[in-house]
Asker: 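The structure under discussion is supplied below as structure tokens; questions concerning it will follow.
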There are 2 protein chains.
Amino acid sequence: MAPKLHLQIDDRSGVPVYRQMMDQFIYYVAGGTLRPGDQIPSIRELAAALGVNPTTVVKAYTELERAGFVEKRHGKGAFIAANAQALTTAEQEDALRRAAKQLAVEATQLHMSTPKVIDVVREELGALSNDRATDEAPVKFAVMNGGR
Amino acid sequence: MAPKLHLQIDDRSGVPVYRQMMDQFIYYVAGGTLRPGDQIPSIRELAAALGVNPTTVVKAYTELERAGFVEKRHGKGAFIAANAQALTTAEQEDALRRAAKQLAVEATQLHMSTPKVIDVVREELGALSNDRATDEAPVKFAVMNGGR
DNA sequence: ACGACTGTTTGATGACAGCCACACACACGG
DNA sequence: CCGTGTGTGTGGCTGTCATCAAACAGTCGT
């Protein structure tokens with residue numbers, strides 16, 4: 001009913017927060033972690049967990065509702081829509097490819113070697129799967145700060 | 001003096017255009033492709049090549065100037081600042097890691113297998129290096145559209 | 001009926017990007 | 001020597017949108 005989620009917001013990325021949230025919910029549905037009927041965190045709960053304004057979560061949920069992924073019920077909570085369509089395999093690969101391309105462009109401009117890039121990707125993938133094994137909180141708080 | 005650049009703007013990403021341009025210039029300097037004294041595309045030229053408003057390029061160049069990477073000269077053009085400091089190795093790795101983490105988070109939420117992810121990254125890296133061999137235009141026009 | 005959850009709405013603020021008129025630098029032809 | 005043309009960057013104004021803050025309204029258990 002309420003699978004463990006692990007939402008990650010990157011303030012420095014410039015991507016609107018509500019959009020980052022939207023994408024990640026969609027990916028969770030696409031990957032099957034979130035299924036139709038599942039209750040998702042309340043607006044205030046998610047806002048508090050991620051340290052953003054409730055209105056921002058409202059925007060994300062509202063857009064997700066328009067897109068058919070989410071149903072909000074006044075006084076009750078928010079849920080994955082009954083007819084939420086998972087992304088097609090092609091769409092999922094597109095999403096992955098977009099992020100990969102972004103990485104590739106940066107790496108190329110930085111003159112990074114292919115093995116080096118692959119290494120870092122492996123590390124990050126590994127870090128995430130370990131995380132999931134240990135994590136018990138229903139919604140994981142995650143904001144990237146890091147310095148340039 | 002004017003190395004071939006390959007700037008890539010992704011409209012759908014939500015990242016401010018001027019910020020995407022900034023990052024990529026910084027990465028080019030960090031990677032050594034752009035060196036102090038090099039002339040970079042004029043505001044209008046870059047704006048036309050990328051299909052964005054000149055004002056947006058102005059913002060990118062102005063911010064890069066504040067950061068010490070660029071010098072604008074009225075009537076002459078824009079240049080890489082004499083004392084433009086390349087990013088430290090640690091900073092470069094941070095930048096790479098940020099993009100990798102983004103990719104890892106998405107992949108995990110989509111339930112993608114590690115080998116699959118690595119494959120796609122390899123493909124994208126390959127696509128870029130081929131590009132560079134063929135490309136002759138001083139500034140490559142690149143805007144991502146792709147549909148969701 | 002109260003209290004503690006839930007979602008809803010409105011207004012203010014600031015960032016982003018577009019349009020348009022202006023000012024400086026230099027090369028060319030009178 | 002001067003004017004004109006074409007390149008360059010500069011600056012003001014406007015529309016749109018993301019975010020925040022605070023007040024409003026429905027649901028449910030006691």
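So you know, we letter chains A, B, ... as the sequences are listed, proteins then strands, and number each from 1.
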Asker: Distance check needed: C:dC24 P versus B:Ile43 CD1, whole Å only.
Answerer: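 Atom CD1 in B:Ile43 sits about 16 Å away from atom P in C:dC24.
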
Asker: Would you grab the first and last nucleotide of DNA chain D (5' to 3') that comes under 4.0 Å of any non-hydrogen atom in chain A?
Answerer: D:dA18 to D:dC28

Asker: Which value, rounded to the nearest 0.5 Å, describes the distance between A:Leu96 atom CG and A:Glu91 atom CD?
Answerer: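 Going from CG on A:Leu96 over to CD on A:Glu91, the span is 14.0 Å.
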
Asker: Could you check whether A:Lys72 makes a cation-pi contact with A:Tyr61, meaning its NZ or CZ is under 6.0 Å from the centre of the six-membered ring and within 45° of the ring axis?
Answerer: no

Asker: Quick one: does any side-chain atom of A:Glu106 pair with a main-chain N or O of B:Tyr27 as donor and acceptor, under 3.5 Å?
Answerer: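 No: the side chain of A:Glu106 does not pair with the backbone of B:Tyr27.
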
Asker: C:dC22, C:dC26, C:dG7: which one has an atom nearest the side-chain heavy atoms of B:Arg44?
Answerer: C:dC22

Asker: Once you round to the nearest 0.5 Å, how far does CG of A:Asp119 lie from OG1 of A:Thr114?
Answerer: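 The distance works out to 11.5 Å.
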
Asker: Whole angstroms only, please: what is the CD1-C1' distance between A:Ile40 and C:dT6?
Answerer: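 Going from A:Ile40 (CD1) to C:dT6 (C1'), I get 13 Å.
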
Asker: So, is A:Lys76 near the phosphate of C:dG7, with a side-chain N or O under 4.0 Å from OP1 or OP2?
Answerer: no

Asker: If we only count heavy atoms from C-beta on, is the A:Gln20 to A:Ser13 side-chain gap below 4.5 Å?
Answerer: yes

Asker: Report the distance from atom CG of B:Leu46 to atom P of C:dA17, rounded to the nearest whole Å.
Answerer: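 Checked: the CG to P distance equals 13 Å.
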
Asker: Checking side chain to side chain contact (heavy atoms under 4.5 Å, CB included) for the pair A:Thr55/A:Ile43: CA distance, chi angles, key distance, verdict?
Answerer: CA-CA 8 Å; A:Thr55 321; A:Ile43 291 179; over 6 Å; no

Asker: With A:Glu124, which of B:Arg97, B:Arg98, B:Gln102 fulfils side-chain hydrogen bond (donor to acceptor under 3.5 Å, both in side chains)?
Answerer: B:Arg97

Asker: Taking for each residue the nucleotide of DNA chain D with the nearest heavy atom, is it A:Val15 or B:His74 whose nucleotide lies nearer the 5' end?
Answerer: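 Taking each residue's closest nucleotide, the earlier one in sequence belongs to B:His74.
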
Asker: Where along residues 53-65 of chain A does a heavy atom come under 4.0 Å from DNA chain D, residue by residue in number order?
Answerer: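 Residues of residues 53-65 of chain A that come under 4.0 Å of DNA chain D are, in numerical order, A:Asn53, A:Thr55, A:Thr56, A:Lys59.
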
Asker: Check whether B:Phe79 and B:Val70 end up in the same hydrophobic cluster, where Ile, Leu, Val, Met, Phe, Trp and Tyr are linked by side-chain heavy atoms less than 4.5 Å apart.
Answerer: no

